[in-house]
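Shown next, in structure tokens, is the structure this report addresses.
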Amino acid sequence: MKAAVLSAPQEIAKRPLHMVEIPQPEAKPGHVLLRVRACGICRTDLHVVEGELPVRPEGIIPGHQIVGEVVAGATKEIPPGSRVGVSWLGGTDGACFYCQRGLENLCDSPTFTGYSVPGGYAQYALARADFIFPLPDALDDLHAAPLLCAGIIGFRSLRVAGVEPGERVGLFGFGASAHLAIAVLQAWKCEVYVSTRGESHRKLAYSMGATWVGSETEKPPVELDRAITFAPSGDVVIAALASLRKGGVVAINAIHLDRIPQFDYDRLLWGERQL
Ligand SMILES: [Zn+2]
Ligand SMILES: [Zn+2]
């Protein structure tokens, strides 16, 4: 099969991914072999390819937003030809403190698709049968793929922030994840306040139905029930805290933050605000 393999990480402009011919993965117990129909590109793939995350096996195939079709390893629940999704969490140990409490996303020994095991920038990929998502027919391949990372983490942040239908929710930053989360918030009849940098992101937020749109650390005109920060900036986290009502929650959706600046407890956390 053809696959895009990372030989040695370097900046993307130097083209560190190479298209090579390698053997198709062999089916093994507990796994399904997928013919890849689409695979999204995530910022984390760039972190891997550029070496900002330490590379584990050499010659990894990145890509963790896979839409594939089952060609081997089918079961009664997942018949041959089923269209399924594969995400960043490729598997867990099922045995650690977190797995035993239904918190497998925090597993101590996880495997990551396209990072610790080969991913979807290839014609075929192997995935753990208990870590695939059946996809509804109404969702085409190209719209389904980004939901498998950007969509999952956006939705998870809404849950971590404890968003309830009809609430006032702030989104700080409006990239891949936030612009998928806003659709969920609208379905929940929430009022959405977006603070983001970049004219194009602000326009997109308006066009997707935001009630109010401001610049990166601009405070919305009302007190928020919940806020989610997507920008990799601690200043933005503080701006989000400063926008909360008493008892409100800020959830940080960022794999990396520059730092958290010192901030005033009495004004920003007192009153049962939560970070
Ligand atoms: Zn991702
Ligand atoms: Zn575990």
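Note that ligands are numbered from 1 as they come in the structure, with each ligand's atoms numbered from 1 the same way. Because only heavy atoms are used, hydrogens play no part in the values below, and waters and symmetry mates are left out as well, while side chains stay in. These numbers were taken from a predicted model, which means no experiment stands behind them. This chain uses plain numbering: 1 for the first residue, then up along the sequence.
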Taking [X] for the side chain and [Y] for the main chain, is one N or O donor matched with an acceptor at less than 3.5 Å?
X    : Y    : answer
R259 : G234 : no
S177 : G154 : yes
E167 : D225 : no
R226 : E164 : no

Check your understanding: Rounded to 10°, how big is the angle at the Zn ion (ligand 1) from H64 NE2 to C149 SG?
Key -> 110°
Study note, to complete from the structure: The SG(C96)-the Zn ion (ligand 2)-SG(C107) angle, to 10°, is 120°
Review point. With the Zn ion (ligand 2) at the apex, how many degrees lie between SG of C99 and OD1 of D93, rounded to 10 degrees?
Key: 100°
